[in-house]
Amino acid sequence: MITVTKTFFPPLNEYESQLKRVWKNEWITNRGELVIELEHKLKEYLKLDNILITTNGTIPLQIALKLLGNGGEVITTPFSYIATSSSIVWEGCIPIFVDIHPEYLTIDEAKIESAINERTTAILATHVFGNPCNIESIQKIASKYNLKVIYDAAHCFGVEYNQISIFEYGDISTCSFHATKIFHTGEGGAIISNNKELSHKCFYSHNFGHNGPLDFHGLGINGKISELQAAMGLAVFPYINAILEDRKRIGETYNSLINFNTISKLRIRENTKWNYSYYPVILPSEEKLLKTIEILGTKNVIPRRYFYPSLNTIKYLGSQKMAISESISKRIICLPMYYNLSEKDISMISEVLNMVNL
Ligand SMILES: *Cc1c(COP(=O)(O)O)cnc(C)c1O
């Protein structure tokens with residue numbers, strides 16, 4: 001079966017040797033040796049001043065919204081994974097959707113200003129599929145209206161924009177290390193802020209607000225990652241360059257085999273070093289999409305409708321119309337993309353795509 005993604009499994013003996021350290025230390029959580037080591041390695045690899053790793057990629061969104069959303073209106077994208085919008089509601093804020101750009105698929109910065117009012121506190125935008133938002137314009141708008149900027153950078157491991165890590169941008173950026181993401185710890189994530197005071201607050205927030213065993217800085221929650229998760233991260237880490245290079249090979253092979261007459265692909269923002277985190281294609285109609293999925297299914301290929309439905313159409317998220325996001329989400333699929341996917345399979349998938357979408 002060829003699925004949209006497959007978790008990268010490091011050699012079992014390498015995972016075991018990380019686990020042996022945990023047994024030797026007799027220390028399973030509360031920022032043990034492996035968690036600290038993984039943070040150091042990631043900081044160095046991504047050239048960051050700070051990164052706080054967490055138990056998943058959703059809790060960083062919740063912490064960011066708790067610290068910066070202030071129970072107000074948060075401007076956000078309808079084209080993302082549900083966690084982006086659900087975290088806003090979960091933290092008692094109100095999501096205000098702004099439609100996306102039809103080619104970059106990120107929030108359309110030209111439409112943000114008209115959604116701002118006196119209740120707006122923050123912008124939470126997703127660098128969807130690892131493609132950067134228009135960071136400069138969003139920062140300009142945020143500065144003008146005194147809003148905070150949070151980036152859901154769940155897909156962005158290894159992405160650079162203007163030669164620095166994409167995680168450097170915004171007041172807070174978040175990442176996911178879920179098993180389906182490029183770099184993973186099984187379940188895991190990270191929160192990054194360049195603002196010293198804010199990164200300090202994130203740190204205390206993710207550990208119940210503890211300031212030592214008997215004192216508390218303020219309100220907190222449990223976002224800690226365990227040594228068992230860090231062990232997986234440390235076992236995957238040595239393969240990260242190979243994983244990124246292999247995805248590039250797959251992406252470039254699809255680029256050369258797919259016939260882009262009626263099919264369109266994601267437009268990557270200028271000045272981006274992309275990570276090929278997904279291979280989305282936009283088909284001419286939902287009918288063609290369903291037909292494509294059906295025929296791929298007969299060949300045991302299971303693509304995914306990422307992202308469907310458009311988040312603004314989900315009941316508890318309100319009823320704002322988002323024409324572009326709704327149209328794209330009905331017609332977009334992500335093609336299989338994982339370590340070691342064979343050239344033969346890539347050609348077979350591309351042929352089906354070309355045949356159905358003539
Ligand atoms: C995966 C993902 C998340 C959530 O991350 P988890 O680690 O699964 O909690 C958030 N936002 C986006 C856009 C994602 O794709």
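Keep in mind that this is a model prediction, so the values were computed, not measured. Numbering starts at 1 and runs along the sequence shown. We count ligands from 1, going down the list as the structure has it; atoms in each ligand are counted the same way.
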Exercise. Can we say E103 and R267 salt-bridge, meaning some charged N sits less than 4.0 Å from an Asp/Glu carboxylate O?
Worked result: yes
Contacts table for ligand 1: protein N or O within a distance under 3.5 Å of ligand N or O, distances only.
unit_1: ligand 1; atom_1: 5 (O); unit_2: S176; atom_2: OG; d: 3.3
unit_1: ligand 1; atom_1: 7 (O); unit_2: G57; atom_2: N; d: 2.7
unit_1: ligand 1; atom_1: 7 (O); unit_2: S176; atom_2: OG; d: 2.7
unit_1: ligand 1; atom_1: 9 (O); unit_2: G57; atom_2: N; d: 3.2
unit_1: ligand 1; atom_1: 9 (O); unit_2: T58; atom_2: N; d: 3.1
unit_1: ligand 1; atom_1: 9 (O); unit_2: T58; atom_2: OG1; d: 2.6
unit_1: ligand 1; atom_1: 11 (N); unit_2: D152; atom_2: OD1; d: 3.4
unit_1: ligand 1; atom_1: 11 (N); unit_2: D152; atom_2: OD2; d: 2.7
unit_1: ligand 1; atom_1: 15 (O); unit_2: H155; atom_2: NE2; d: 2.7
unit_1: ligand 1; atom_1: 15 (O); unit_2: K181; atom_2: NZ; d: 3.3

**Prompt:** Salt bridge or not for E227 and R21, using N-O below 4.0 Å?
**Reply:** no
Practice task
Could you label the plane-to-plane angle of the Y276 and W274 rings as parallel, tilted or perpendicular, counting under 30° as parallel and over 60° as perpendicular?
Solution key: tilted
Looking at E286 and R305, is any side-chain nitrogen of the basic one under 4.0 Å from a carboxylate oxygen of the acidic one?
yes
| query | With a 4.0 Å cut-off, would you call K47 and E168 a salt bridge? | reply | no
Here the side chain to side chain donor-acceptor pair (under 3.5 Å) pairs for residues 86-97, sequence neighbours left out, are Q62-E91, K66-E91
